Amino acid sequence: MSAALTAHPTRRQMLAAGGLLALSVRPAAAQAVLEPELREAIARWCQGAVPQTGRITLDIAPLVENGNAVPVTLRVASPMTPTDHVREIAVFNERNPLRDVVRFHLGPANGRAEASTRIRLATTQHLVALARMADGSVWQHSLEVIVTLAACIEG
Amino acid sequence: MARTLIHLPPEPKRGEVIDIQVTIAHPMETGFRSNDQGVPMQRDILTHFECRFEGRTVFRAELHPAIAANPYIAFAWRVEGPGTLSFTWEGDKGFQQTETVALKVA
């Protein structure tokens, strides 16, 4: 279709090109470019380890009506044995006043790598969950949550 | 003393992995809000939660202002046998509270 684009494209051509552009931009936007402050908070927690994608799942409703108490569940694929278990789970956010949300410390005594809580979300934003394993490896899961009614910050 | 709710199965089997759910009544005031007069409200949150079995820590959490009021925490635990489970919350303004549950095992 680019061959059809002349020096003076018709309205129809412009619309078609715009549609194509939107389609091609979308996947890149979905690749979650995180804010610097959030990346720093994550890097501090990782202590030099490079997070890999997978093993941990952050379970949260994709569309949140009320940001004051949002149920979240963290699950990690781990046998939770004395040699192979989750040591710590951390959750970070992008647009609350502070980047930290919660940290869970686990061990083989838990039997299952799973924990839940209820969090506040100030607005639509990315969340990042990370898990540190007994071998020191770090795994992450990030996603975007849309919030329609924010947790009240003003009062 | 804040009201707490601790939920676990009544008589789990030894070796069974159970879900433990706890809630405590607490405002979790973030420190980012102002009152009606526009005066900033001091932060007052719970910062730590710990579950111990017979004195040994089995689960620990660090809480931040992003945790909703009346913090709810759920986690799994493999039943080691009968004994005492204790649940401790710590926070701002010297907050500390411990609840204990005598666990019976089927």
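Note on naming: letters A, B, ... go to the chains in the order of the sequence lines (proteins, then strands), and numbering restarts at 1 for each one. Any value given below was found using the heavy atoms of this structure, including those in side chains, with hydrogens, waters and symmetry copies removed. Predicted model only: the values in this text are computed from it and were never measured.
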Problem - chain B interface, residue from A:Pro71, A:Gly67, A:Ala115 that has the most non-hydrogen pairs under 4.5 Å - result: A:Ala115
Problem - Nearest heavy atoms of B:Trp77 and A:Ala109, plus distance in Å - result: CD1-O, 3.2 Å
Exercise for the section: Answer yes if B:Phe95 and B:Ile73 sit in the same cluster of Ile, Leu, Val, Met, Phe, Trp and Tyr residues linked by side chain heavy atoms under 4.5 Å apart, and no otherwise. Expected result: yes
Practice task
Find the distance between NE2 (A:His105) and CZ (B:Phe59) and round it off to the nearest 0.5 Å.
Solution key: 9.0 Å
Handout entry: Side chains of B:Arg60 and A:Arg103 in contact at under 4.5 Å (non-hydrogen atoms)
Key = no
Practice task
Please flag which part of A:Pro108 lies under 4.5 Å from any non-hydrogen atom of chain B: side chain, backbone, both or neither.
Solution key: backbone
Completion exercise
Taken to the nearest 0.5 Å, the spacing of A:Asn96 CG from B:Phe32 CZ works out to 9.0 Å
Practice task
Quick one: which of B:Asp19, B:Ile18, B:Asp36 has the most heavy-atom pairs under 4.5 Å with chain A, could you say?
Solution key: B:Asp19
Exercise for the section: Following the transitive rule for hydrophobic clusters with a side-chain heavy-atom cut-off under 4.5 Å over Ile, Leu, Val, Met, Phe, Trp and Tyr, establish whether A:Val102 and B:Tyr72 coincide in one cluster. Expected result: no
Practice task
Taking the side chain as every heavy atom from C-beta outward, state whether B:Thr30 and A:Pro97 have any atom pair closer than 4.5 Å.
Solution key: no
Exercise for the section: Give the cluster check for A:Val128 versus A:Leu74: same hydrophobic cluster or not, with ILVMFWY residues linked at side-chain heavy-atom distances below 4.5 Å. Expected result: no
Problem - B:Met41 versus chain A, the contacting section by heavy-atom distance below 4.5 Å - result: neither
Exercise for the section: For A:Asn110 and B:Arg78, indicate whether the former's side chain and the latter's backbone hold a donor-acceptor pair under 3.5 Å. Expected result: no
Exercise for the section: Evaluate whether atom NZ of B:Lys13 has more than 12 neighbouring non-hydrogen atoms of other residues, nucleotides or ligands under 6.0 angstrom away. Expected result: no
Completion exercise
From the list A:Val72, A:Asp100, A:Leu98, A:Ile89, the residue making the most non-hydrogen contacts under 4.5 Å with chain B is A:Asp100
Practice task
Answer yes if B:Val101 and B:Trp89 sit in the same cluster of Ile, Leu, Val, Met, Phe, Trp and Tyr residues linked by side chain heavy atoms under 4.5 Å apart, and no otherwise.
Solution key: yes
Handout entry: A:Arg118 side chain reached by B:Asn70 side chain, heavy atoms, under 4.5 Å
Key = no
Practice task
Hey, could you give me the CG/OG1 distance between B:Leu63 and A:Thr117, rounded to the nearest 0.5 Å?
Solution key: 7.0 Å
Handout entry: chain A contact via B:Glu16 - which portion, at a heavy-atom distance below 4.5 Å
Key = neither
Practice task
Report yes if the side chains of B:His64 and A:Val101 come closer than 4.5 Å at any heavy-atom pair, otherwise no.
Solution key: no
Handout entry: For the student: nearest non-hydrogen atoms of B:Ile67 and A:Arg120, plus distance
Key = O-NH1, 3.2 Å
Fill in the blank from the handout: Of all heavy-atom pairs linking A:Gly111 and B:Val17, the shortest is CA-CG2, 4.1 Å
Practice task
Give a yes or no on whether B:Gln42 atom CD has more than 12 heavy-atom contacts from other residues, nucleotides or ligands under 6.0 Å away.
Solution key: no
Practice task
Identify whether A:Phe104 and A:Trp45 are in the same connected component of the hydrophobic contact network (ILVMFWY, side-chain heavy atoms under 4.5 Å).
Solution key: no
